[in-house]
Amino acid sequence: MALFDVRPKSRREELFDREKELGELGSAVSRGYPLVLLLGIRRIGKTSILRTFLGDVPGIYIDMRGVVRRQDLEARVADYVSEHLDRFRRFLSGVRGVSIAGLSIEFRWRGRDSISFLGLLEELNKRGERFAIVLDEVQHARPPLSAELRNAIAYAYDNLENITFIIAGSEIGMVRDFLRLDDPSSPLYSRHVHEIAVERFGRDLSREFLYRGFREEGVEPPKEAIEEAINFFDGIVGWLVLFGRSYVDGARDFSHIKRLAIETALQELNKLTNREKAVLKAVAHGCKNWSCIRDFIAEQHGILIPKSTLSRIIDKLEKLSIIKDYTFLDPVYKEASKNLHTAPT
Ligand code: ADP
Ligand code: MG
């Protein structure tokens, strides 16, 4: 079981395609670019690319989801390094605040002879080898940690020539808001950023992915099922994996698998506010401008949302990478949005 494994991939053999993205990341790091952005919608395969990349290039992967305080960040660093200790031995042995004993490593983040996150970056930089720090789903960072991170990134940008920060996230506008490249008061103001966009697979690549996945599993679905999946899931690899996995596990009815996917998307959309949901529902039903949305919501709920409020909501939904120009970026989210229960207040 490999291609249809639902966890993010971390080995080259399990990662389908993405040579271009891995190559771009590789050259960005080897050229010493200080700041790289890897952007793409949810389930497009960012984490898989990043984890696989770090199999070849020294670096630390940090998932920012659930990281609230600095201690959480430190714990994530320690966890990643412990899990891949062999790779880090040469970078960290003899460093103050870090003790390596056999198969375990311990960081002292506080008190005497401790090391800070910034101190760790300085030590890694001194080894004279290129090193990547990956912050995945960075838009989850909240103040004061978000400000500390911007400062650390800016400091590394100016002073640590061997460190490349790779910043990734699914909510693309939110990632940009985190960086504040256009804000004169931000430490990252007007810095150069190398951007890499992770795109969906085209039809041919989607087909090849599914055939290869099914071959691995020794299952041969009818051509129609595969074509249906290609049509509906629009090259978003995470959904293709869900389709493949469910089919292999015995779900033979496409509409059942489709419902499963929509249910998953619904759970994610339910985190939105009622007004945001109402707007999405209007867009899912075909609205292509704000006045159509306003009328749709007025008809459904009997309330008139002011234009300024509506623009703000649309802006937010775009920043979350759910819609762009009144079009859904993920067809599963579109279907799910049609079914949203909304009661705007
Ligand atoms: P993202 O981080 O963009 O949300 P993930 O890397 O978590 O996406 O991938 C979503 C799903 O798709 C996971 O099940 C993962 O295993 C699978 N996947 C992503 N990219 C690939 C790939 N190139 N080859 C095989 N499976 C992939
Ligand atoms: Mg991810």
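No hydrogens, no waters, no symmetry mates; every other heavy atom, side chains included, goes into these values. As the structure lists them, so they are numbered: ligands from 1, and atoms in each ligand from 1.
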Which residue and non-hydrogen atom of the protein lie closest to [atom], and at what distance in Å?
| atom | answer |
| --- | --- |
| atom 11 (C) of ligand 1 | Gly238 CA, 3.4 Å |
| atom 26 (N) of ligand 1 | Lys9 NZ, 3.1 Å |
| atom 27 (C) of ligand 1 | Val237 CG2, 3.6 Å |

Given the rule in the ring pair (Phe, Tyr, Trp, His ring centres under 6.0 Å) test, do Tyr247 and Phe214 qualify, once you have shown the distances and angles that lead to the verdict? CA-CA 9 Å; Tyr247 192 95; Phe214 282 118; 5.5 Å; yes
Indicate the ring-plane relationship of [X] and [Y], choosing parallel, tilted or perpendicular according to the 30° and 60° boundaries.
| X | Y | result |
| --- | --- | --- |
| Phe201 | Phe209 | tilted |
| Trp109 | Phe107 | parallel |
| Tyr80 | Tyr61 | tilted |

Residues, nucleotides or ligands: over 12 heavy atoms within 6.0 Å of [X] [atom1]:
| X | atom1 | answer |
| --- | --- | --- |
| Glu106 | CD | no |
| Lys334 | NZ | no |
| Glu220 | CD | no |
| Arg207 | CZ | yes |

If the contact criterion is a heavy-atom separation under 4.0 Å, does Glu14 count as touching ligand 1?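 Checking ligand 1 against Glu14, which is what was asked, there is a heavy-atom contact under 4.0 Å.
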Is Phe4 in contact with ligand 1, taking contact as a heavy-atom separation below 4.0 Å?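 Heavy atoms of Phe4 never come under 4.0 Å of ligand 1.
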State whether the shortest distance between N or O atoms of [X] and N or O atoms of ligand 1 falls below 3.5 angstrom.
| X | value |
| --- | --- |
| Thr47 | yes |
| Phe16 | yes |
| Arg18 | no |
| Arg43 | yes |

With no hydrogens and no angle check, just 3.5 Å: does a side-chain donor-acceptor pair link Tyr333 and Glu268?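 Per modelled atom types, Tyr333 and Glu268 side chains form a pair under 3.5 Å.
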Can you tell me how far CZ of Phe328 sits from OG of Ser337, rounded to the nearest 0.5 angstrom?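 Between atom OG of Ser337 and atom CZ of Phe328 there are 3.5 Å.
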Within ligand 1, which atoms have a heavy atom of [X] less than 4.0 Å away?
| X | result |
| --- | --- |
| Ile44 | 3 (O), 8 (O) |
| Gly45 | 1 (P), 3 (O), 5 (P), 6 (O), 8 (O), 9 (O), 19 (C), 20 (N) |
| Asp5 | 14 (O), 16 (O) |
| Leu15 | 22 (C), 23 (N), 24 (N) |
| Ser48 | 5 (P), 6 (O), 9 (O), 15 (C), 18 (N), 19 (C), 20 (N) |

Answer yes or no: is there a donor N or O on one side and an acceptor on the other, between the side chain of Asp325 and the main chain of Thr327, under 3.5 Å?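 Not at all, since once roles are kept as given, no pair shorter than 3.5 Å links the two residues.
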I'd like to check Phe233 versus Asp330 (side-chain heavy atoms, cut-off strictly below 4.5 Å). Are they in contact?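 No, too far: nothing below the 4.5 Å cut-off.
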Counting heavy atoms only, which part of Asp136 comes closer than 4.0 Å to ligand 1: side chain, backbone, both or neither?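 The answer is neither.
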For atom 3 (O) of ligand 1, which of the options Arg7, Glu19, Lys46 provides the nearest non-hydrogen atom?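 Checking each option, the heavy atom nearest atom 3 (O) of ligand 1 is found in Lys46.
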For atom 13 (C) of ligand 1, tell me which residue out of Asp17, Leu3, Val6, Val241 has the closest non-hydrogen atom.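 Considering heavy atoms of Asp17, Leu3, Val6, Val241, the nearest to atom 13 (C) of ligand 1 sits in Val6.
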Step by step, would you call Tyr155 with Glu122 a side chain to side chain contact (heavy atoms under 4.5 Å, CB included)? CA-CA 10 Å; Tyr155 180 79; Glu122 291 196 310; 2.5 Å; yes
Suppose the cut-off is 2.8 Å; how many protein N/O/S atoms fall inside it around the Mg ion (ligand 2)?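 Atoms of protein N, O or S type lying less than 2.8 Å from the Mg ion (ligand 2) total 1.
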Quick one, Tyr326 with Glu318, criterion side chain to side chain donor-acceptor pair (under 3.5 Å). Give me CA distance, side-chain angles, the key distance, then yes/no. CA-CA 9 Å; Tyr326 300 94; Glu318 290 205 340; over 6 Å; no
